[in-house]
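Every chain is numbered from 1 and lettered A, B, ... according to where its sequence line falls, protein lines coming before strand lines. Keep in mind the model is a prediction, meaning the values are calculated, not measured.
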2 protein chains.
Amino acid sequence: MGTQPGRSVTSKVLALLDAFSPATPALTLSELARRAELPLPTAHRRVAELVAWGALERGDDGRYRIGLRLWEVGSLAPRGLGLRELALPIMEDLYEVTHENVQLAVRQDLELVFIERIAGRRAVPVLTRVGGRFALHATGVGLVLLAYAPTEVQERVLAAPLERYTELTVTDPVRLRRRLAEVRRVGYAMSDRQVTMDALSIAAPIRAPEGVVAAISLVVAHDRADPVALAPLVQAAGRVLSRALGTYRQPTGRVPLRSRHERQ
Amino acid sequence: MGTQPGRSVTSKVLALLDAFSPATPALTLSELARRAELPLPTAHRRVAELVAWGALERGDDGRYRIGLRLWEVGSLAPRGLGLRELALPIMEDLYEVTHENVQLAVRQDLELVFIERIAGRRAVPVLTRVGGRFALHATGVGLVLLAYAPTEVQERVLAAPLERYTELTVTDPVRLRRRLAEVRRVGYAMSDRQVTMDALSIAAPIRAPEGVVAAISLVVAHDRADPVALAPLVQAAGRVLSRALGTYRQPTGRVPLRSRHERQ
DNA sequence: GACCGGCTTTCATCCAATGAAAACAGGCCT
DNA sequence: AGGCCTGTTTTCATTGGATGAAAGCCGGTC
């Protein structure tokens with residue numbers, strides 16, 4: 001046959017889902033086939049099945065998009081909506097007190113994923129998107145998640161080139177390592193103009209019995225008078241959430257902690 | 001072979017995802033196999049691939065749960081997070097003004113799916129869950145979505161037995177049909193104690209160029225003084241959102257409106 | 001009216017998927 | 001310790017679902 005035999009059908013289906021991204025939420029069949037590296041007829045067949053089930057939807061423009069059914073199933077992810085449900089009230093409290101941006105993120109492999117965000121209208125604009133990914137080495141939540149990640153994860157992040165976002169972004173592995181130690185020591189992270197030159201964020205860990213599973217942060221204007229004064233606030237929120245996680249039980253068991261695998 | 005030949009691999013993979021529900025967010029391999037009606041070894045293999053990709057995660061208790069990667073992909077659904085992003089500011093406005101529960105829902109086949117909810121702490125408790133489903137014939141959002149659904153959908157709902165939730169729930173197809181006509185005439189729906197005896201909801205349609213794609217509602221205490229006075233408020237929110245939808249364009253095209261298919 | 005890009009269907013071939021069976025791993029009761 | 005569960009993982013011979021080249025189809029465009 002033509003393209004590499006040895007690919008499972010499942011992997012092809014997943015490759016089709018992988019083709020979608022925040023930048024490309026709508027794709028034609030040809031684009032899908034190209035991105036998933038599948039022959040057109042194959043893509044056609046698999047996509048038809050996905051549409052029939054509701055994993056994909058076909059718009060009136062002929063393009064395919066992620067379907068509501070997949071969103072429904074995805075909403076069952078304990079580290080997604082589950083965590084969000086738990087955290088939202090505390091995030092709202094934090095917003096009420098500060099009227100600044102509040103963010104919640106978890107680590108997935110070597111990046112972070114934003115689970116929820118409360119964007120204050122009067123606050124600094126932030127460019128994050130719920131469901132979006134970002135590097136671990138720059139943001140407040142990223143530094144927290146990295147600081148408490150398994151050594152192996154830290155080493156892999158430190159080994160790779162660290163992207164620079166502003167002139168202040170720490171891209172030196174040695175300096176970053178020192179910052180991570182500092183984060184562990186004080187129990188919170190401050191990221192000053194590491195991503196944009198107008199913002200600064202303060203983040204704290206959220207712990208479950210097995211370790212740090214998420215991070216919460218405030219994003220404020222970089223020239224705010226007393227950023228450090230916010231740290232206890234964010235830390236308190238983190239501790240409340242940690243307690244909630246510790247006692248939280250699903251009907252059929254606890255929120256999972258870290259997946260046993262690392263992608264790729 | 002053993003179990004019915006004629007099932008595609010893809011359908012088996014999707015059946016595994018289908019096994020998860022709000023009531024069963026964590027399953028053992030055996031439970032998964034049972035629910036998906038697959039032999040254990042088959043389930044074992046497919047599940048392993050899903051875990052490797054991140055669609056499922058295996059907790060320290062050995063149970064499988066929906067993985068963050070699937071949540072990420074699901075968050076790309078235009079009718080899910082896409083709609084939510086657009087609607088949230090208006091929903092927050094509605095909350096600020098009323099301090100009552102605000103709900104956003106879309107129709108999926110013969111049911112509705114809640115996309116977002118703002119639950120006022122001081123408001124009537126509502127039992128809905130983001131990502132959860134509910135029947136169309138009782139709630140405010142449901143009545144709106146049903147009233148503006150294709151005739152074929154209405155007929156199918158009216159033909160099936162209508163579940164009763166309270167002594168006031170309208171379960172007579174003839175009366176329901178009259179109510180739907182009324183909703184279309186006045187442009188909003190009021191559901192008084194149809195789901196619980198303490199709540200009442202007022203809902204309005206959200207229109208895209210192709211028709212009604214979602215509904216927004218307020219849920220208040222049933223004995224509130226002036227429920228009808230809320231209607232213009234909800235309708236205004238609906239109209240603002242309709243306008244936003246009309247002009248909203250994704251990088252690669254418009255939000256899809258209704259999928260071309262009906263499930264099952 | 002011929003061309004072109006994208007989509008859909010056909011059909012003979014074959015390898016990934018399959019499931020019965022058996023091995024394996026704990027937990028629990030005796 | 002031994003036996004007996006329940007649940008998970010591996011093996012291996014067999015086969016049917018998946019495959020992709022090729023051809024047909026559709027709608028727009030030069």
Side-chain angles (χ1 to χ4, degrees), chain A residues 1-20 24-53 55-65 67 250-254 256 259-261, chain B residues 1-20 24-53 55-65 67 252-254 256 259-261:
Chain A
M1 285 193 190
T3 33
Q4 28 162 262
R7 259 183 103 180
S8 73
V9 178
T10 308
S11 78
K12 291 173 195 171
V13 169
L14 295 174
L16 285 168
L17 297 184
D18 250 336
F20 293 91
T24 58
L27 299 167
T28 66
L29 182 62
S30 308
E31 288 168 338
L32 262 168
R34 210 171 308 134
R35 284 167 177 273
E37 297 183 74
L38 293 174
L40 213 80
T42 301
H44 181 248
R45 280 183 289 249
R46 296 303 126 240
V47 164
E49 281 194 276
L50 290 172
V51 168
W53 187 78
L56 300 182
E57 291 178 5
R58 187 163 201 187
D60 294 0
D61 56 359
R63 284 200 166 82
Y64 294 94
R65 294 174 179 77
Q250 292 259 357
T252 36
R254 181 157 25 58
S259 58
R260 214 164 257 177
H261 77 284
Chain B
M1 284 195 190
T3 34
Q4 29 164 276
R7 258 183 106 181
S8 70
V9 177
T10 308
S11 78
K12 291 174 194 169
V13 170
L14 295 173
L16 285 169
L17 297 184
D18 250 336
F20 293 91
T24 58
L27 300 166
T28 67
L29 182 62
S30 307
E31 287 168 338
L32 262 168
R34 210 172 308 133
R35 284 167 177 272
E37 297 182 77
L38 292 175
L40 216 84
T42 301
H44 181 249
R45 280 181 290 248
R46 297 304 124 241
V47 164
E49 281 194 276
L50 289 171
V51 169
W53 186 79
L56 300 182
E57 291 177 6
R58 187 165 201 186
D60 293 0
D61 56 358
R63 285 200 166 82
Y64 294 94
R65 295 175 179 76
T252 37
R254 181 159 25 61
S259 58
R260 215 166 252 175
H261 78 282

Length of the CG-C1' vector between B/Leu16 and C/dT18, whole Å: 14 Å
Atom pair distance, as rounded to whole Å: CD in A/Glu49 and P in D/dG17: 12 Å
Under 3.5 Å between N/O atoms: give me all the protein pairs with nucleotides 5-9 of chain D, atom names plus distance.
{"from": "D/dT8", "atom 1": "OP1", "to": "B/Leu29", "atom 2": "N", "distance (Å)": "3.3"}
{"from": "D/dT8", "atom 1": "OP2", "to": "B/Ser30", "atom 2": "N", "distance (Å)": "2.9"}
{"from": "D/dT8", "atom 1": "OP2", "to": "B/Ser30", "atom 2": "OG", "distance (Å)": "2.3"}
{"from": "D/dT9", "atom 1": "OP1", "to": "B/Arg58", "atom 2": "NH1", "distance (Å)": "3.2"}
{"from": "D/dT9", "atom 1": "OP2", "to": "B/His44", "atom 2": "NE2", "distance (Å)": "3.1"}
{"from": "D/dT9", "atom 1": "O5'", "to": "B/His44", "atom 2": "NE2", "distance (Å)": "3.3"}

Distance test, side-chain N/O of A/Lys12 to OP1/OP2 of D/dT19, below 4.0 Å: yes
Derivation and outcome, side-chain contact (heavy atoms from CB on, under 4.5 Å), residues A/Trp53 and B/Thr10: CA-CA 10 Å; A/Trp53 187 78; B/Thr10 308; over 6 Å; no
Within-4.5 Å side-chain heavy-atom neighbours: A/Ser11 and B/Glu49: yes
Validation row: B/Leu38, B/Arg7 side chains within 4.5 angstrom (heavy atoms): yes
Validation row: B/Thr28, B/Asp61 side chains within 4.5 angstrom (heavy atoms): no
C/dG19 OP1/OP2 closer than 4.0 Å to side-chain N/O of B/Thr42: yes
Side chain proximity check, B/Leu16 to B/Tyr64, heavy atoms < 4.5 angstrom: no
Side-chain donor/acceptor contact of B/Arg45 with base of C/dG19 under 3.5 Å: yes
For atom CG of A/Asp61 and atom P of C/dG6, their distance in whole Å: 15 Å
Electrostatic pair A/Arg34:A/Glu31 at N-O distance under 4.0 angstrom: no
Value in whole Å for how far the C1' atom of D/dG17 lies from CG of B/Leu38: 15 Å
Atom-to-atom span, CZ of A/Arg7 to C1' of D/dG20 - whole angstrom: 14 Å
